[in-house]
Q: 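Can you keep this structure in mind? I'll have questions shortly.
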Amino acid sequence: MAGVGLLVITIGRVVALRSRRALLVTLLLGVAFSGIFEWRQVQVNHRQISAFHPTNVALTVTFQPDALVFRGASYYFVARNHQTGEPLTVRGWAQSASELQYLQRLRQPQLWRVSSQQVGILPATNFNQFDSASYWRHRGVTKSLKIGSILQRQTAPSTPLQYVINWWHRQRTRLIRYCDRLPGALRVYALGLLPGSRAAEAVQELQGMQQLGLLHLFSISGLHVALLLTAVEWVCVHLRMQREHWEWGLLLGLPGYFILAGGGSGVLRACLMRGIQLGGRKVRVRVSALDAWAGALAIGLLMNYGMLFELGSQLSYGLSLGLILLAQESHWWRQTGLTLLGLPSLLNGIFQWHTLTILANVVLVPLFPLVMLPITLIGALSFPWFPVISGWSATVLALLDGGLARLAELPGNVSFGKPLWWVCWLWLASTWWLFSRPPRQRRRWLTGLLASYGLMYGLIHLPLHGEVAYFDVGQGDSILLREPFNRRIAMIDTGGHLAFPQPKWVPSTPTTYAATHTNLNYLRSIGIDHVDDLYLTHHDADHIGDLPAFLQAIRVKRLLVPAGMETEPGWQRVLVHSRFPVKIQPITIASQVPLRVRHPYEAAPAENANSLALQGDFGGLNFLFMGDLDQAGERKIMGDDPQLRTDVLKLGHHGSKTASVPAFIEQLRPRWAVISAGRENRYGHPHAETLTTLRAADVPAVSTQTSGMIRYVYTGKHGVWQTKLKGERDS
């Protein structure tokens, strides 16, 4: 709908020019682009397969060595089906240290015959989650391979043109492996700015930069590309090389540099803009910066028709357009304009904004070409001969990161939430309208624009509705209980994953938490920056493994745990690293807390048998949450309250046969059952015995395995059920 609106505005603008030639060219281009996009969409739809039913296949794939990304013993890359040319994502695991070293030493394009499982790419399974299926579909990728065994490895054959392309990929591979050896923060910066690769530590190292909205300084905007190309031109001029020669060399080398720098959207835009301007100079046609930007946008859309739906592309193209059109403005108005142009995309993509962003931009944008980029280049180049200088460079960059992180922790970070999509478009249009006014009139329009942000903030943070949301966290549990107007925000468990011991030869990787992409991400998207009560049902990692991420990201006022768990040192170690003070309260059935406690009856080790069971009323329905409680615990609850009933039952222990005893289901008489379990989990949850029990009691069940996130959104005593995926009911 937004695209249709833009198209109508564009055609209206061209009609207003009253130029038949301009109108004809616009219509012809519109028809051509529409035809190309439709043809690609038909191709993609034809290749689409199920994301839930993997099939065993034997395929031959080709890929470049710089496509390999390693995380411990696992690796993934984008390849092409050698027979059809279809792009695929591929992941596998090195079986030994020697195999891992072999993969890291690859420098030639590869042709592999693999036995693997093929499946469609899973879309976002939680509301407001990053949709990887959509991201890859824009690039023509609809299938993912999970390698079982590699049947044959060999170097891929090359034509003369492919040989040139392979040479650039080979240099990028060497550059990535070289940067991987650099120390500390220098490694993160060098990988991001030189080969355009993302280090595993980037999330931790650049956290302050991300919170301050400064990632556009990195490869996301292509700013470093423009600086490096300008530096090359400066060197050529001062070496008194003939302009004719170095301009041709630069023009012909841009496609190779595009490969070398990683080929991201910001890199593509910067290379295309410089290439279009140089090409215009060669044919004696003056190409303005705006013309170059428009040409780069058109070519970028031909390469990736979904480009403008991605945050990186929005920031890169949007901010560069702002720099062009606001070039004549005063410094203050230019900074205000760039902030307002980037803000809708940031709020729509990461749901938060720091009030110190403007100050950080004013300080760091000049420092980037003068300090950050030179230090990175000097540290990277000196490493083989003067590693001490590289160490100093890493220390300086680490200090800079630490300063940004401390700055980001200052008051001013606004958990805004995700605005309505059409409001984001309205804000962008209003920003351009603001700068079309004379400077004297802008303050009044600016006040109105900021007031609209305040209104949207209020609507997000004071919702008329409440919700009960069962997150899809894989093989685990996590539930949100939110009352209207956010009067009370509670959660049951955080989700998490079991950590299995790795062989000693496997390289260590930074600790990551799935919560940042699932439940924490959703909380940010609805403007939640605190949790009043966080109930931890027991100490298993699939229920509380992501607790450290919660304690670092948001303020948790109170942790409520089954009596006995508060004395266990294993899980309490994470409390030391909490950003905010947190109170711990052990509870039993006698405890007076907002939810009614149905289990445990006494203090005991926080295992499945002592799991919390909680009950509450929301939106005219009664909900019972069973944690991992087993059948013995269910019988205790039945004996304690023979009249116990509920409308919605969250099955105990992920639908395992160790819970949900038939007599318990028969007594509760639930109208619905909810199962939280991981896809293809190693335990076989939910068990067939449990599903048989539900069918016998005529209780329909819905599972996060097939439906993704499940939520009940209510106002007053009425509400609606929503699932992220259109999954099948499990009984």
Q: Output all residues satisfying ring pair (Phe, Tyr, Trp, His ring centres under 6.0 Å) with H687, sequence neighbours left out; order by chain, then residue number.
A: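 Residues passing ring pair (Phe, Tyr, Trp, His ring centres under 6.0 Å) with H687: H685.
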Q: Are N166 and Q108 linked by a side-chain donor-acceptor pair shorter than 3.5 Å?
A: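 No, no side-chain donor-acceptor contact under 3.5 Å.
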Q: Give me the ring orientation class for F37 and F33: parallel if the planes are under 30° apart, tilted from 30 to 60°, perpendicular past 60°.
A: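 Plane angle over 60°, so perpendicular.
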Q: Ignoring hydrogens and geometry, is there a side-chain-to-backbone donor-acceptor pair from N521 to N128 under 3.5 Å?
A: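 A pair under 3.5 Å: yes.
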Q: Relative to each other, are the rings of W112 and F63 parallel, tilted or perpendicular (30° and 60° limits)?
A: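 Taking F63 first and then W112, their aromatic rings stand perpendicular (interplane angle over 60°).
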Q: How are the rings of Y317 and W293 set relative to one another: parallel (under 30°), tilted (30 to 60°) or perpendicular (over 60°)?
A: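 Geometry flag for W293 against Y317: perpendicular rings.
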Q: Taking distance alone, no hydrogens or angles, what donor-acceptor pairs closer than 3.5 Å link side-chain atoms of residues 67-77 to residues at least two apart or in another chain?
A:
residue: R71; atom: NH2; partner: R198; partner atom: O; Å: 3.4
residue: S74; atom: OG; partner: R71; partner atom: O; Å: 2.7

Q: With a 4.0 Å cut-off on N to O distance, would you call E310 and R139 a salt bridge?
A: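 Yes.
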Q: So, D546 versus T494: side-chain donor-acceptor pair below 3.5 Å or not?
A: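 Side-chain D/A pair, D546 to T494: absent.
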Q: Between R107 and D66, does any NZ, NE, NH1 or NH2 come within less than 4.0 Å of an OD or OE carboxylate oxygen?
A: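 Result for this pair is no, no salt bridge flagged.
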Q: So F623 and I479, do their side chains get closer than 4.5 Å, heavy atoms only?
A: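 No, too far: nothing below the 4.5 Å cut-off.
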Q: Quick one: CD1 on I150 to CD on Q110, what's the gap to the nearest 0.5 Å?
A: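 With rounding to 0.5 Å, CD1 (I150) is 9.5 Å from CD (Q110).
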Q: Quick one: CZ on R682 to CD on Q475, what's the gap to the nearest 0.5 Å?
A: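 It comes to 10.0 Å.
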Q: How are the rings of Y305 and H138 set relative to one another: parallel (under 30°), tilted (30 to 60°) or perpendicular (over 60°)?
A: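 Perpendicular: the ring planes of Y305 and H138 meet at over 60°.
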Q: Is there side-chain contact between H169 and L260, with heavy atoms separated by less than 4.5 Å?
A: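 Answer no - side chains too far apart.
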Q: Is any side-chain heavy atom of L175 less than 4.5 Å from a side-chain heavy atom of S197?
A: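 Not in contact.
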Q: Judged by atom type as modelled, is there a donor-acceptor pair below 3.5 Å linking the side chain of T692 to the main-chain atoms of A688?
A: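 Yes; judged by distance alone, with no hydrogens or angles, the pair exists.
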Q: With side-chain contact (heavy atoms from CB on, under 4.5 Å) as the test, would you mind laying out the steps for Y712 and V648 before giving the verdict?
A: CA-CA 10 Å; Y712 176 68; V648 184; over 6 Å; no
Q: Please evaluate residues F416 and F351 with respect to the criterion ring-ring contact (aromatic ring centres under 6.0 Å, His included), reporting the C-alpha separation (whole Å), side-chain torsions for both, the decisive distance (0.1 Å), and the verdict.
A: CA-CA 6 Å; F416 194 97; F351 321 127; over 10 Å; no
Q: Do Q129 and T518 have side-chain heavy atoms sitting under 4.5 Å apart?
A: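 Yes, side chains in contact.
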Q: Check salt bridge (charged side-chain N to carboxylate O under 4.0 Å, His left out) between E86 and all other residues, then give those that pass, not counting sequence neighbours.
A: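 Testing E86 for salt bridge (charged side-chain N to carboxylate O under 4.0 Å, His left out), a comparison that skips the adjacent residues, returns R47, K143.
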Q: Any side-chain donor-acceptor pair under 3.5 Å between N519 and S478?
A: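 There is such a pair (donor and acceptor under 3.5 Å, judged by atom type) between the side chains of N519 and S478.
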Q: Can you name the salt bridge (charged side-chain N to carboxylate O under 4.0 Å, His left out) partners of D477, sequence neighbours left out?
A: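 Only K650 meet the salt bridge (charged side-chain N to carboxylate O under 4.0 Å, His left out) criterion with D477.
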Q: State whether the side chain of D493 and the backbone N or O of G495 hold a donor-acceptor pair below 3.5 Å, judged by distance alone.
A: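 No; zero donor-acceptor contacts below 3.5 Å.
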Q: Distance alone, cut at 3.5 Å: any donor-acceptor contact between the side chains of H654 and D542?
A: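 A donor-acceptor contact under 3.5 Å links the two side chains.
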Q: Return the set of residues passing salt bridge (charged side-chain N to carboxylate O under 4.0 Å, His left out) with R671 (not counting sequence neighbours), or none when no residue passes.
A: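 Applying salt bridge (charged side-chain N to carboxylate O under 4.0 Å, His left out) to R671 gives D647.
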Q: Can you name the residues that form a side-chain hydrogen bond (donor to acceptor under 3.5 Å, both in side chains) with E99, not counting sequence neighbours?
A: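 Per chain and number, E99 pairs via side-chain hydrogen bond (donor to acceptor under 3.5 Å, both in side chains) with R153.
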Q: Will you find, in the side chains of S316 and R269, an N or O donor that is under 3.5 Å from an N or O acceptor?
A: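 Yes - a donor-acceptor pair under 3.5 Å links their side chains.
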Q: CZ/R711 to CD/E467 distance, rounded to the nearest 0.5 angstrom?
A: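 Reported to 0.5 Å precision, the distance equals 6.0 Å.
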Q: Heavy-atom distance under 4.5 Å between the side chains of L321 and L341, does that happen here?
A: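 No - every pair of side-chain heavy atoms lies 4.5 Å or more apart.
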